[in-house]
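This report refers to the structure that appears directly beneath it.
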Amino acid sequence: MDYNQEQKQDRKTLLWAALAVLLLLNLVLVYFIYHEKQENLAKDDIITAKTEEVLFIKTKLDSISQELDIKIAEIQKLGGSVDSLMAMKSQLEKDKLELKNMSNYSALGYNKKIKGYETVLNEKDTEIAQLRQELGIATTKNQELNEKVTGLESEKQLLADSVTNYSVQNRELAEKVNIASALRAENLTVNAVSAKGKEREGGKYKAKRIDKLRVNFSLAPNGVAKQNEKEMYLRILDPDGAVLSDMATGSGSFIHDGKELIYSSRQTVNFTNSGQSVDILYGRGGIPLKDGKYAIEVYSEGFKIGQGDFEVK
């Protein structure tokens, strides 16, 4: 009985020892689980902070990119060089792409790049101001233009009052001046010249008596137009709308409103603002003209400056 009692006591002791070991192991496991959870929370905080930092830098780079586009457009408009800004834009786009790679991300490096970009943009503000001064896009030049183009005085004043963006104002004003400077062909006539050199007037001619066509018109005076050499393009359209042309005798093509147009003949004229008369000849090159009504169009410096017609019977 004493031996059995002793065995029971030993088993009880071992059981308590095993329970103590299990309890200790549970405590160690709880400690490691808690420690790992705290580490994960710390890592989450770091990732969240880093993500917010990256988003801030991305927003800053996008803002610099927009401002850079504005600077490039303005300097190009003023005739300045944008090579360095284009290279900077290319590098900026690379920086924005590399920002997606978190493993190579460096806040210090990106903040340094941002500061460099901002410095260049500030320097370009000074360059833009100098270009404006050099190109005379100041009030004095606008006043001189007002004196020369009195017909646009009220429109320019209205434009200056309503448009606060100076670059837009200058572009629209330049477009209006360009339109005002367009030449105008007046009193356009078409005479038929025979193979023997005999010239006929009236606007109605027999096909067999037409070897050449002489188109005559006068250039209306225009104080805005520059007095220099100007190309005059003559288009003769047959009754079906096809342009009479012969590349061997001087026909060709020119660009008008972004489209390529065929011309029958052309003439270089030294514009003197004196109401001068202009003659342009077109030889049919042995090709007979069909009966019907023909249209005449005259173009110069991007504008259709005159038109007329004649008839072949």
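In what follows, every heavy atom counts, from backbone to side chain, and hydrogens, waters and symmetry copies are set aside.
- Between the side chain of D211 and the main chain of V193, no donor-acceptor pair closer than 3.5 Å is present.
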Residues F310, L213; criterion side-chain contact (heavy atoms from CB on, under 4.5 Å); working and verdict
CA-CA 10 Å; F310 67 97; L213 293 169; 3.5 Å; yes

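- Rounded to the nearest 0.5 angstrom, S265 OG and I236 CD1 are separated by 7.5 Å.
- Take D83 and apply the side-chain hydrogen bond (donor to acceptor under 3.5 Å, both in side chains) test, not counting sequence neighbours, and it matches no residue.
- Here the CG-CD distance, from D125 to E74, works out to 8.5 Å after rounding to the nearest 0.5 Å.
- Panel note: side chain N216, backbone V278; a donor-acceptor pair is recorded below 3.5 Å.
- Side-chain contact check for P239 versus K293: every heavy-atom pair is 4.5 Å or farther apart.
- Closest approach of S81 to I75, counting heavy atoms only: O-CG2, 3.8 Å.
- Considering CD of E93 and OG of S65, their distance stands at 5.0 Å, rounded to 0.5 Å.
- Side chains of S253 and E260: a donor on one and an acceptor on the other come within 3.5 Å.
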Any chance you could lay out the side-chain contact (heavy atoms from CB on, under 4.5 Å) test for L78 and R132, step after step, and finish with the verdict?
CA-CA 7 Å; L78 295 172; R132 285 177 174 172; 3.9 Å; yes

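- Panel note: side chain S218, backbone G275; no donor-acceptor pair is recorded below 3.5 Å.
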I would like to know whether E127 and K124 meet salt bridge (charged side-chain N to carboxylate O under 4.0 Å, His left out); could you show each step before the answer?
CA-CA 5 Å; E127 181 180 335; K124 291 302 174 181; 2.8 Å; yes

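- Counting Ile, Leu, Val, Met, Phe, Trp and Tyr side chains that sit under 4.5 Å apart, directly or through other members, Y233 shares a hydrophobic cluster with F254, L261, Y263, Y299.
- Looking at R284 and D246, no side-chain N of the basic residue comes within less than 4.0 Å of a carboxylate O on the acidic one, giving no salt bridge.
- Heavy atoms only, all atoms of each residue included: S251 and Y282 are closest at OG-CE1, 4.1 Å.
- Between L68 atom CG and M86 atom CE the span is 8.5 Å, to the nearest 0.5 Å.
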Verdict with supporting geometry, K89 and D69, salt bridge (charged side-chain N to carboxylate O under 4.0 Å, His left out)
CA-CA 8 Å; K89 182 174 177 60; D69 288 339; 2.8 Å; yes

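- Between A185 and G306, the closest heavy-atom pair is CB-CA, 4.0 Å.
- Between the side chain of E297 and the main chain of L237, no donor-acceptor pair closer than 3.5 Å is present.
- Counting heavy atoms from C-beta on, the side chains of Y117 and Q91 come closer than 4.5 Å.
- Without hydrogens or angle criteria, T119 side chain to K115 main chain gives a donor-acceptor distance under 3.5 Å.
- A 4.5 Å side-chain heavy-atom check between E201 and T189 finds every atom pair outside the cut-off.
- Side-chain contact between K290 and D238: present, with at least one pair of heavy atoms (C-beta onward) separated by less than 4.5 Å.
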Determine, stepwise, if the pair I128 / K71 fulfils side-chain contact (heavy atoms from CB on, under 4.5 Å).
CA-CA 8 Å; I128 288 171; K71 292 287 188 294; 3.6 Å; yes

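- Residues K230 and L219 have side chains not in contact (no heavy-atom distance under 4.5 Å, counting atoms from C-beta outward).
- With hydrophobic clusters built from ILVMFWY side chains whose heavy atoms lie under 4.5 angstrom apart, I70 does not share a cluster with V82.
- Annotation: E231, atom CD; neighbour count of heavy atoms from other residues, nucleotides and ligands within 6.0 Å is above 12.
- Here the CG-CG distance, from L121 to L85, works out to 7.5 Å after rounding to the nearest 0.5 Å.
- The cluster map of Ile, Leu, Val, Met, Phe, Trp and Tyr, joined by side-chain heavy atoms under 4.5 Å apart, puts L281 and Y294 in different clusters.
- Taking CZ of R235 as the reference point, atom CD1 of I262 lies at 8.0 Å (rounded to 0.5 Å).
- F303 and V298 fall within the same hydrophobic cluster, defined by Ile, Leu, Val, Met, Phe, Trp and Tyr side-chain heavy atoms under 4.5 Å apart, directly or through other members.
- Nearest heavy atoms, I210 versus Y205: CD1-CB, 3.8 Å.
- In this structure, E118 pairs ionically with K60, as a charged nitrogen and a carboxylate oxygen lie closer than 4.0 Å.
- At a threshold of 4.0 Å, the pair E186-R184 counts as salt-bridged, since one of the basic side-chain nitrogens sits closer than that to a carboxylate oxygen.
- Between A207 and V312, the shortest heavy-atom distance links the atoms CB-CG1, 3.6 Å.
- Here the shortest heavy-atom pairing between Q276 and V269 reads NE2-CG1, 3.4 Å.
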